[in-house]
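In what follows, a single structure is set out as structure tokens and then discussed.
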Amino acid sequence: MTTEVSKHTTKDESANPEPDQILSPRRSLQLSQKKWWISVLLCLFLVLLGDILVMLLLNFFYVQDRRGESGQDQQYKGTWLQSLVQNAAFPILIPLFFIFPSPKRNQETNNTSFLSFRLIVLYFVVGVLVAAHSKLFALGKLYANYGIFTLISATQLLFTAFFSAFINRFKFTRWIILSIAGTICIYVFGGPNFAGEPKEDEESYDIQAWLTFAASVAFALSLCFIQLGFEKVLVKTKRYGNKKVFRMVLEMQICVSLVASVVCLVGLFASGEFNELKGDSKRFKKGETYYVLSLIGLALSWQVWSVGLIGLVLYVSGVFGDVVHMCTSPLVALFVVLAFDFLDDDFSWNRIGTLIAIVVALGSYFYTLHKRNKKKMVELNQSENNVEV
Ligand SMILES: Nc1ncnc2[nH]cnc12
């Protein structure tokens with residue numbers, strides 16, 4: 001399988017040995033697999049942290065902004081701003097991009113172009129998809145009951161699996177299928193409450209369904225194209241040799257967010273929403289300073305989430321990234337229950353059940369990854385034995 005688990009040793013690397021390759025191939029593979037597990041766990045933690053912070057701050061924002069009390073039709077406004085906030089804090093990643101190391105320079109990585117035409121097209125397409133799902137999810141959340149939003153947005157994992165099968169030639173194992181099924185149940189039954197829901201007489205389920213379906217498709221496609229970009233396009237620039245390094249995640253996130261932010265900025269001005277910002281900040285219960293601070297906090301939290309998610313796509317796959325994102329739902333709900341006291345929210349039995357189910361859903365995916373790593377080790381041992389004979 002080529003789409004999952006980085007190819008730990010390649011011909012190119014053996015031609016230009018780095019410290020790892022001076023060790024025996026077996027030890028070197030062991031080390032790179034250990035590094036790979038640490039990277040995966042770190043990205044998983046970033047997705048969890050990002051998901052929790054985003055939902056806490058979004059709830060804070062919608063509790064404070066009193067849009068239902070304004071007397072005008074404010075309920076569905078402010079979504080260009082929300083989608084801009086989801087993407088706009090990417091400049092904080094630029095210093096990190098220069099801090100994180102690139103693979104050591106060698107003949108292959110020396111004379112390489114920074115951007116190729118295909119890479120520019122990829123960043124543009126993914127940027128537009130990200131802007132689209134940011135805007136559509138932001139709108140979908142406001143049109144009706146959040147439980148229905150969750151139910152429909154659970155299709156994002158089905159779409160991701162479907163598109164991955166074609167675009168990334170993703171191979172399913174029975175453990176991955178179990179993990180996907182478990183994740184959908186966890187997401188549907190364990191989700192948090194959301195303070196931006198409209199009053200019952202304002203709910204519009206039809207519009208919500210279409211917006212959320214479209215958002216789920218755009219989100220799934222963006223994950224698959226990001227994976228394709230890492231495996232087939234970014235690799236071809238040869239800037240990173242044949243390695244999967246964290247710098248690639250930062251490059252992808254910075255370039256994609258730049259495009260998405262431009263699209264959202266155009267939307268913000270073209271829709272006239274920009275002129276309403278002053279009124280929005282004045283309506284905020286805690287005052288303008290908290291309005292600005294909550295938006296800054298949201299923008300930073302979205303970056304944490306995105307970097308973790310794109311990291312999981314790089315190290316594992318788009319399907320795994322989505323599984324992790326959706327599995328965080330009950331933990332997000334737990335933090336929302338602890339932090340807010342609205343809608344008689346409590347951590348009910350179904351949520352406790354989904355918390356336990358996370359172990360099964362993530363465990364079965366991890367089992368597949370562990371088996372693949374083990375298979376690589378066995379193959380290496382066999383090839384070493386063959387050489388010795
Ligand atoms: N993937 C996603 N699922 C649900 N809500 C989202 N908001 C932004 N991205 C989302």
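Values below: all heavy atoms of this structure, side chains included; hydrogens, waters and symmetry mates excluded. Counting starts at 1 for both ligands and their atoms, in listed order. Source: prediction; values computed, not measured.
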Measure from every N or O atom of ligand 1 to the protein's N or O atoms and keep only the pairs below 3.5 Å, writing each with atom names and distance to 0.1 Å.
from: ligand 1; atom 1: 1 (N); to: Gln156; atom 2: OE1; distance (Å): 3.1
from: ligand 1; atom 1: 1 (N); to: His325; atom 2: NE2; distance (Å): 3.2
from: ligand 1; atom 1: 3 (N); to: Gln156; atom 2: NE2; distance (Å): 3.0
from: ligand 1; atom 1: 3 (N); to: His325; atom 2: NE2; distance (Å): 3.4
from: ligand 1; atom 1: 7 (N); to: Lys141; atom 2: NZ; distance (Å): 3.3

Sequence neighbours excluded, the answer for side-chain contact (heavy atoms from CB on, under 4.5 Å) partners of Ser329 is Tyr187, Pro192
What side-chain donor-acceptor pairs closer than 3.5 Å can you find for residues 289-302, not counting sequence neighbours?
from: Ser294; atom 1: OG; to: Tyr290; atom 2: O; distance (Å): 3.0
from: Ser294; atom 1: OG; to: Tyr291; atom 2: O; distance (Å): 2.9
from: Ser301; atom 1: OG; to: Gly297; atom 2: O; distance (Å): 2.7

Go through the structure and list residues passing side-chain contact (heavy atoms from CB on, under 4.5 Å) with Ala214, not counting sequence neighbours. Leu136
Decide whether a cation-pi geometry holds between Arg247 and Phe97; the criteria are a distance under 6.0 Å from NZ or CZ to the six-membered ring centre and an angle within 45° of the ring axis. yes
Is the distance from the ring center of Phe61 to that of Phe284 below 6.0 Å? yes
Is the Phe366 to Trp37 ring centre distance short of 6.0 Å? yes
